[in-house]
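Below is one structure, written out as structure tokens; the observations come after it.
All heavy atoms count here, side chains included; hydrogens, waters and symmetry mates do not. Counting convention: from 1, in listed order, for ligands and their atoms alike.
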Amino acid sequence: MTSKRPDGIREYDEPAGGWGALKAVAATLKRQQIEAQGVKTLLRNNQPEGFDCPGCAWPDPKHTSAFEFCENGAKAVTWESTAKRVEPDFFAKHTVSELWEQPDHWLEGQGRLTHPMRYNPATDHYEVVEWQEALADIGARLRALDHPDEAEFYTSGRASNEAAFVFQLFARAFGTNNFPDCSNMCHEPTSIGLPRSIGVGKATVTLDDFDHCDFIFSIGHNPGTNHPRMMTSLHNASKRGATIIVMNPFKERALERFQAPQEPIEMATMTSVPIATTYFQVRIGGDAAALKGICKAVVDLDRAAAAQDSDPILDHDFIAGHTAGFAEFAADLDLAEWEDIERSSGLTRTDLEGIARAYVASKAAIVSYGMGITQHRTGTSNVQQIVNFLLLKGNIGRLGAGICPLRGHSNVQGNRTVGITERPSDAMLDRFRDTFGFEPPRKFGHSVVESIASMRDGTSKAIICLGGNLAIAAPDPAACFEGFRKLDLAVSLATKLNRTHLLTGKATYILPVIGRTELDSQASGSQSITVEDSMSMVHASRGFLTPPMGETRSEPWILASMARATLGSRVPVDWEGLAADYSVIRDKIESVYPEFDGFNERIRHPGGFQLPNAAQQRIWNTGSGKANFLIFNHLEEDAQTEDVNVLRLATMRSHDQYNTTIYGLDDRYRGVFGRRDVLMMNEDDMARLGLVEGDLVDVETALEHAHPDRVVRALTVIRYNLPPNCCGAYYPESQALVALEHIDKQCLTPSYKSVPVRVVPAASRSPGATAIAREGLTGVPLGAAAAGPSPREPVPGQS
Ligand SMILES: Nc1nc2c(c(=O)[nH]1)N[C@H]1C(S)=C(S)[C@@H](COP(=O)(O)OP(=O)(O)OC[C@H]3O[C@@H](n4cnc5c(=O)[nH]c(N)nc54)[C@H](O)[C@@H]3O)O[C@H]1N2
Ligand SMILES: Nc1nc2c(c(=O)[nH]1)N[C@H]1C(S)=C(S)[C@@H](COP(=O)(O)OP(=O)(O)OC[C@H]3O[C@@H](n4cnc5c(=O)[nH]c(N)nc54)[C@H](O)[C@@H]3O)O[C@H]1N2
Ligand SMILES: [Mo]
């Protein structure tokens, strides 16, 4: 018997991709009022002479293929090239207090920003300001700080290499390494964890490897939504007969079956290709235990083979010649009891031995992973367990094999490569000094969590945001809101209005930028920028659409002008020259980072060039000179609580969003339509807690010392295919539940995917209460993070 489901909740039986995706694109074009221009835009997306898709960081097949269809890439492009505008009269019409009451979806949906705006506290309105006046005032306020370390320089990963390089040059010339960046909330466990294991902090695979592997292990990511162009590689691998194993608590449709919009036969016959050979619903936070179980089974199979004199299972030559720490690793596996592994992972010994046997039978294996692995208190160790798994059979540094972290923002990896790091190495800073003739600061700066704590505590007094929506993306809205509102200066370079801009301090500016899809004309003519994808390919991107009428400027121009207004002749940098011709910026990048040798020349080749990756060549730039097996001597991140009413919550993206940008209210593949105020729960948990589908509940963080206000109210319970004791909700609406101190201590990444929560019947019925639970957002005390983490080492492998 099926009872009536809550409004907007229904089964979605279609495969991912296919006609559903084409329909969604048509609807998006219409919503953004750009039917005619939109198609032209999409056709030049990721083409040799076009711009790089601002959607995700998945690489492009040689940049020469026919238009590769991608529903969510189309949404990202049309969102930027919308005909809607937020002009000065919009701000004259609405006070900031009024705007604050609007949902995030509405704020961004108003369209593109067109003029530099300054907040006037006397009227509570944003008002137009001239560029030169704004830049002069920003410069004066930065100079007025007692110390450069009182300023934060935030980067969201959409910025080009050129913008990011000028930004960090500005901040270092000003005198600080405070570079909170979106990567701190995202793949920092990869940047910190991988170098200790294999000496580089990036993927070791290229697209070509996906055509040569016979085993893909996809852990904790949702490519049908977040890296849709990856579906082409998975689809092809599946058709070739490769084994694809998925480990994810949530059943994600695209990982079950996919219909390729490029394949006329599949589209015409309404058929689809199954993606996962087997789908394992691991418990939230159970990946390390599962990986340990699989490795234990593989090592045991090897021992059994040795006892019977059959062919070895492990790649013993590779282990002996290229790795360190195997004996200790194997000893640790022997200590792990199957009973504990099963309890922590939520998977059975039979399941895990099955994965081990499939792996043993393979010749070349790739492991891809995303936020389901990194956004945990043990994110760094989780990443290292994946490396251990690959090392057992020599699956790094050969064709068809390797590790594939799925980066987030389209150029987050490039931003890091060109100097956005709060922990720079001395070698990098020396080259910096030699290139620019000034001594950059050496003291390590703040990452995201540290910068939020410092702003809240009043020790940081200014922030410049190169894109993004930091106050909403970071954990603990209470701390973020308090911090932003205390600032002497807050400046956001942005394409669209968002809630961070509404957190006004003593002086608050919004500076409108041109987007990647748009023509960028400077003194020397029209400019290209460059980006680096998830597989270390650097290539040029050139926009061609007309920027919004008004006063938008390019990011490199704004940052160089701001640097000049702040620093005058204090450092010997020709800021105007950098802004006038981006090839001059690229020459400087090449001078600081030798791997960009011949930069301007090499980006003329369609598809660009690949940055060197030592691990790909089996050169291990680690302390031991080998690839390291690294032990994680626990099974999971939080001690299991005795309290059966505490669930683990993962906060995730829907199909209709880009991080804090909400394109629409549907999450088609998960069967959620027209709403985001839901809590996905396992049916047994619902029964145990006395809940039925459609009940309104409040969700509270169940951390020791948690503040009683850490709560999100009035979510509607929906049943979902999930392991017991796990639940899911959408980011950023669930952000109030994530505590600033609930982080991976090794890299300070928040545990967005593993929040212990208690689910209780809603205190008061407030139908339609979908926004962040604002009533619960004041005065949250902070413990550990406020004191600041222990000093950490420089981020290796990224210079
Ligand atoms: N269209 C679109 N594209 C995007 C983005 C976007 O918002 N929209 N965001 C970009 C950015 S910045 C990023 S970082 C990436 C994010 O891309 P993803 O890594 O795919 O991010 P999420 O949707 O947050 O979560 C991914 C998956 O983690 C699973 N998961 C949750 N907890 C666990 C766990 O404990 N173990 C395992 N194994 N799995 C778990 C969830 O079920 C979900 O399928 O996408 C990028 N691309
Ligand atoms: N609870 C929870 N929180 C999370 C996550 C999670 O899974 N769960 N994921 C985390 C992750 S992986 C990430 S990467 C962060 C994302 O954090 P951010 O990168 O800070 O957030 P976005 O939502 O991507 O930023 C959107 C804003 O960027 C601006 N923008 C867009 N394009 C441009 C451009 O070309 N130039 C400029 N200057 N501005 C532009 C627009 O104004 C838009 O409003 O969030 C993190 N927060
Ligand atoms: Mo991300």
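Residue R516 places every heavy atom at 4.0 Å or more from ligand 2.
Remark: D287 pairs with no residue by the salt bridge (charged side-chain N to carboxylate O under 4.0 Å, His left out) rule, at least two apart or across chains. Annotation: salt bridge (charged side-chain N to carboxylate O under 4.0 Å, His left out) contacts of D685 (sequence neighbours excluded): R688. Listed by chain and number, the residues in a salt bridge (charged side-chain N to carboxylate O under 4.0 Å, His left out) with D667 are R670 (sequence neighbours excluded).
Here's the thing with N469: one of its N/O atoms is less than 3.5 angstrom from an N/O atom of ligand 2. Here's the thing with S734: none of its N/O atoms is less than 3.5 angstrom from an N/O atom of ligand 2. By the 3.5 Å distance cut-off applied to N or O atoms, I514 is not counted among the residues near ligand 2. Residue G468 has at least one N or O atom closer than 3.5 Å to an N or O atom of ligand 2.
Close approach to E108 involves these atoms of ligand 2, each under 4.0 Å from a residue heavy atom: 43 (C), 44 (O). Using a 4.0 Å cut-off to heavy atoms of G467, the atoms of ligand 2 that qualify are 37 (C), 38 (N), 39 (N). Atoms of ligand 2 lying under 4.0 Å from at least one heavy atom of N498, given by number and element, are 27 (C), 42 (O), 43 (C), 44 (O). Of all atoms in ligand 2, listed by their number and element, those nearer than 4.0 Å to a heavy atom of A494 are 38 (N), 39 (N), 42 (O). Less than 4.0 angstrom separates some heavy atom of Y154 from each of these atoms of ligand 2: 17 (O), 18 (P), 19 (O), 20 (O).
Side chains of S183 and R407: a donor-acceptor N/O pair is absent below 3.5 angstrom, by distance only.
For ligand 1, the protein residues placed under 4.0 Å by at least one non-hydrogen atom are C56, N72, C186, I219, G220, H221, N222, T225, N226, H227, M247, N248, P249, F250, E252, V282, I284, G285, D287, G370, M371, G372, H376, G408, H409, A650, M652, R653, Q657, Y658, N659, K753.
The side chain of V513, and not its backbone, has at least one atom closer than 4.0 Å to an atom of ligand 2 (non-hydrogen atoms only; side chain from C-beta on).
Relative to the six-membered ring of Y730, R676 meets both conditions, a distance below 6.0 Å and an angle of at most 45° to the axis. Cation-pi geometry between K251 and Y279 is satisfied (NZ or CZ under 6.0 Å from the ring centre, within 45° of the ring normal). Cation-pi geometry between R499 and F484 is not met: the NZ or CZ atom fails to fall both under 6.0 Å from the ring centre and inside 45° of the normal.
Between H655 and Y669, the angle of the ring planes lies from 30° to 60°, which puts this pair in the tilted group.
For K75 and D656, the salt-bridge test passes: some basic side-chain N is under 4.0 Å from an acidic carboxylate O.
The closest side-chain heavy-atom distance from I464 to E152 is not below 4.5 Å.
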Report the C-alpha separation of F481 and W100 in whole Å, then their side-chain angles, then the decisive distance to 0.1 Å, and conclude whether the ring pair (Phe, Tyr, Trp, His ring centres under 6.0 Å) test is met. CA-CA 12 Å; F481 295 2; W100 182 259; 5.3 Å; yes

